[in-house]
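Below is one structure; the comments refer to it alone.
Letters go in sequence order (proteins before strands), and every chain restarts at 1.
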2 protein chains.
Amino acid sequence: MDSKRATVRDLRRRNRSTLLSTLFFDGPLSRFELGQRTGLSAATVSTVVAEMAEDRLVVEAGLVESDGGRPRVLLRVNPTYAHVVGVDVGETGVTMELFDLALTRLAAHTRPLPPPRPAPALVGPLIAAGLTELLDQAGVPESSLLGIGIGVPGTVEQGATVRVHAQAIGWDAIAVAELLGDSGVTAPLFVENGAKTQGQAEMWFGAGRGARHAVIALIGSGVGATVITDGTTYRGSTSSAGEWGHTSLIYGGRACRCGAFGCLEAYVGAEGILDRYRKARGGRAIPRPDEQSQLDFLLTAADRSAPAAAIIEETVGYLGAGIANLINLFNPERIVLGGWAGLALGTRLLPDIRRATADHALRHAYDRTSIDLCRLGPDAVAVGAATLPVEALLTSGTDPRTRSRLQDAQQNA
Amino acid sequence: MDSKRATVRDLRRRNRSTLLSTLFFDGPLSRFELGQRTGLSAATVSTVVAEMAEDRLVVEAGLVESDGGRPRVLLRVNPTYAHVVGVDVGETGVTMELFDLALTRLAAHTRPLPPPRPAPALVGPLIAAGLTELLDQAGVPESSLLGIGIGVPGTVEQGATVRVHAQAIGWDAIAVAELLGDSGVTAPLFVENGAKTQGQAEMWFGAGRGARHAVIALIGSGVGATVITDGTTYRGSTSSAGEWGHTSLIYGGRACRCGAFGCLEAYVGAEGILDRYRKARGGRAIPRPDEQSQLDFLLTAADRSAPAAAIIEETVGYLGAGIANLINLFNPERIVLGGWAGLALGTRLLPDIRRATADHALRHAYDRTSIDLCRLGPDAVAVGAATLPVEALLTSGTDPRTRSRLQDAQQNA
DNA sequence: TGCCTTAATTTGCGACTTAAAATTAGTCTA
DNA sequence: TAGACTAATTTTAAGTCGCAAATTAAGGCA
């Protein structure tokens, strides 16, 4: 069915990849433990580790004392082997962060973008300029860059040329590689939907750690989800899977900005919630400057105002039904609720949300799913983007910088 | 991350598996073509094929004439290498079918079950007795059985012991292996949810052929779905994924037999449709004996009766929204609509259903999804069940009969 | 019959993992 | 402080595997 040929060299690559990955996520570990966890023989662990140590990809990290017997040497991924940059292209600004290989933040900055529709041609130079500044700031040479991950709002179609469809900022089928085409940036680029990078960050370092099947449900002004199946982000056939916000919750209900009616987003997205609240107030504006504080206002008001409480209660019900749909369809072991609005609702109402979910989900699946809150917050988009080059390194076991050259060579052949 | 060790032997197994699979699905093929399709070298193809020919798993199937040069020898999977049995355990009866390895039906029969709740203890002996009869009928020795696939209504929890939760027939956490425990059946058992086996049949031999990402949407009295991601059935963490029928379509709407309100099933399941129609008729019964003819009656009535037409139009709308949810969440390349009610609706109303779906789905994803009808019908549950042992053979490249012994040995070690 | 073309097999090689043996690097004991 | 002891690595010696190149097989054609 799948036509992946397998040579004996692929074997090595794969073993290298599993060893590197276990070291990255569960390290530091000794060679002995590595053998146990991966099922590989001590001999193989030894030779492969030696190879990676030769490349300076893996370094020693102290000893474990023993009660008699040779002490185990701890190994870990070398944080300074290379660096990665994560870029969060938002609707109003671009945040860039520089990390070492262990994803420790070394430098960061944010540049505003002219709203509402920043021309793609503008973003390229902005990133290029921001990049050199970032590198200068941390004293990291550009040659040390493993890659640059870019999180964008909108769907990203992976393929020969990566194309971005971001209706939110008016990008239609933009080829990202061209944005940085002539700016002299040579590091490999990895582009992905911002919600998906945020979800990946949550999976690697947040509430998703260790889960093989999970859904990261993100609620901000809009609503999206990242679906993790078997440890990897599910993309579907054209990378637009997980559009949870635009599933029908109330057939023929409120108009949604996607053009359809009754979408979940129109009910539990911050904009939808506040709009409903405004209507309940007889059209009076909510006396706060921005969406976040308006939602806070609503949540506080719910303690004393019946209409506000009703809106919240409804919202919790809708959200529960929406989450139940995720459970019934994907049967994950964990749901992680995030996004700024998701966190605002969740921190105060998680038990209610759980109850509402139970009312709508099938018992069997619900009982086997935990519902937790995000641990990283919306600024995790950049970290998540930065994980992309690291992921490429881990899954291939080889440096994407050299690999891309190889791929080019193969394509020319 | 994943701790699959990779020895040099696994390599062979994997290549054997890919060769066998391509031969099974795309055969007959010559060694030369096999090499091209799998990317393996001619040498490897030759040796691996020789091995499989030695086992009589693969046999020659004629020549391709050539215009000069040695003619290519066509190869195919040996249909008589082994046989498989597919069992469809339904609410009212058990259908059993015997196939050769090419899934050609050799014998079949159906036994009624005492409704409404056949005791599990009853089903075991029924299958055992039916099995010997089936084998006698076709003159196939039991030793030739590669395995027995069983499709059951309800969720099947795969694990050390396979457990079935089938509320429809009152089975709760039944360990299937025990059903046949002392009946002397030695062939490996494979148990799976009936909707999933039907979906698999559709993927192998029906409208799903060739798709990597697809959803088989099944509408009968109830509603279910099989989700295919990357060519394999998606099960989720506890095998209960794809419960499309119990996703909320209308928050707080009609009561569903699952206990929740507003489930899709309550609107587009045959029972739900007919119930709504009955209400529209002021409570008068539909003058037909069973659900299928009642639905036909409704569909025909729609041509001349406004209330009937309204029910159908509503149903199409609901169904469109439900399908749109599948598209938005899973982003498949193909939706296959099936089940007896799904077919009844689809054959007359597919264009309308497509339109309704377009109204609710995101443009980008909808444009890249085709919506087709099932080609096999509801009796495909048994064929689908029979594919399970074949699938085990294809993905492992080795005979599940010997493999299970190996696994036992490993577990004891 | 002999030459040409293409398919399949055989051969020689480099690469890989593993089990077992050897080595190494500590702790413990007297 | 010199063994004795213990347990982690490394080396060594098979045994496999897939591949490229070289052969061999099986026809067509003149």
ask   = For the side chain of Leu11(B), counting heavy atoms from C-beta on, which of dA25(C), dT9(D), dC17(D) is nearest?
value = dC17(D)
task = Check the distance between dA8(C)'s C1' and Leu29(B)'s CG and give it to me in whole angstrom.
result = 16 Å
note = Sorted by position of nearest nucleotide on DNA chain C, 5' first, the leading residue of Arg13(A) and Leu63(A) is Arg13(A)
inquiry  = Of the listed nucleotides (dC19(D), dA7(C), dC17(D)), which one gets closest to any side-chain atom of Phe32(B)?
reply    = dA7(C)
Contact under 4.0 Å: Asn15(A) side-chain N or O vs dC16(C) OP1/OP2 = no
remark   = Here the pair of heavy atoms bringing Glu60(A) nearest to Arg31(A) is OE2-NH2, 3.8 Å
ask   = Which of the following nucleotides, dC19(D), dT9(D), dA19(C), is nearest to the side chain of Ala43(A)?
value = dA19(C)
request  = To the nearest Å, give me how far apart CZ (Arg14(A)) and P (dG18(D)) are.
outcome  = 14 Å
Quick one: which protein N/O atoms are closer than 3.5 Å to N/O atoms of nucleotides 22-25 of chain D? Pair and distance per line, please.
residue: dA25(D); atom: O4'; partner: Arg70(B); partner atom: NH1; Å: 3.4

inquiry  = It should be established whether Ser41(A) places a side-chain nitrogen or oxygen under 4.0 Å from OP1 or OP2 of nucleotide dT18(C).
reply    = yes
task = Grab the two heavy atoms, one from Arg235(A) and one from Asn331(B), that are nearest each other, plus how far apart they are.
result = O-OD1, 3.5 Å
query = Partners of Arg16(A) by salt bridge (charged side-chain N to carboxylate O under 4.0 Å, His left out), sequence neighbours excluded?
reply = Glu51(A), Asp55(A)
Side chain to side chain contact (heavy atoms under 4.5 Å, CB included) between Met52(B) and Val48(B), worked out = CA-CA 6 Å; Met52(B) 295 193 293; Val48(B) 175; 4.2 Å; yes
ask   = Expressed in angstrom and rounded to an integer, what is the separation of Gln36(B) atom CD from dA8(C) atom P?
value = 11 Å
request  = Compare side-chain N and O positions of Arg31(B) against OP1 and OP2 of dA7(C) and report whether any pair is under 4.0 Å apart.
outcome  = no
ask   = If you check every side-chain atom of Val8(A), which of dA15(C), dT17(C), dA8(C) has the closest atom?
value = dA15(C)
note = To the nearest angstrom, the CZ-P distance between Arg72(B) and dT5(C) comes to 16 Å
ask   = Hey, are Thr197(B) and Gln200(B) close enough side-chain-wise for a donor-acceptor pair under 3.5 Å?
value = no
Near-ring test Phe330(B)/Phe330(A), centroid separation under 6.0 angstrom = yes
query = Separation of Glu60(A) atom CD from dA25(C) atom C1', in whole Å?
reply = 13 Å
request  = Using heavy atoms and a sub-4.0 Å distance, could you list which residues of residues 46-59 of chain B are near DNA chain C? By number, please.
outcome  = Ser46(B)
Phosphate OP1/OP2 of dT17(C) contacted by Arg12(A) side-chain N/O (<4.0 Å) = yes
inquiry  = Please give me the minimum heavy-atom distance between Pro400(A) and Leu146(A), naming the atom from each residue.
reply    = CD-CD1, 3.6 Å
task = Tell me what Val73(A) touches on the nucleic acid: a base, only sugar-phosphate, or nothing, going by heavy atoms under 4.0 Å.
result = sugar-phosphate
message = Going by the rule side-chain hydrogen bond (donor to acceptor under 3.5 Å, both in side chains), which residues pair with Arg375(A) if we only count those two or more places apart in sequence or in a different chain?
response = none
task = Provide, to the nearest angstrom, the distance between the CZ atom belonging to Arg9(B) and the P atom belonging to dT16(D).
result = 6 Å
remark   = note: Leu34(A), atom CG; dT18(C), atom P; distance rounded to Å ~ 14 Å
inquiry  = I'd like to check the side-chain contact (heavy atoms from CB on, under 4.5 Å) partners of Ala386(B); sequence neighbours left out, ordered by chain and number.
reply    = Val84(B), Phe99(B), Leu103(B)
remark   = Here the distance between atom C1' of dT6(C) and atom CD of Glu33(B), to the nearest Å, is 13 Å
ask   = Which residues pass the ring-ring contact (aromatic ring centres under 6.0 Å, His included) test with Phe24(A), sequence neighbours left out?
value = Trp204(A)
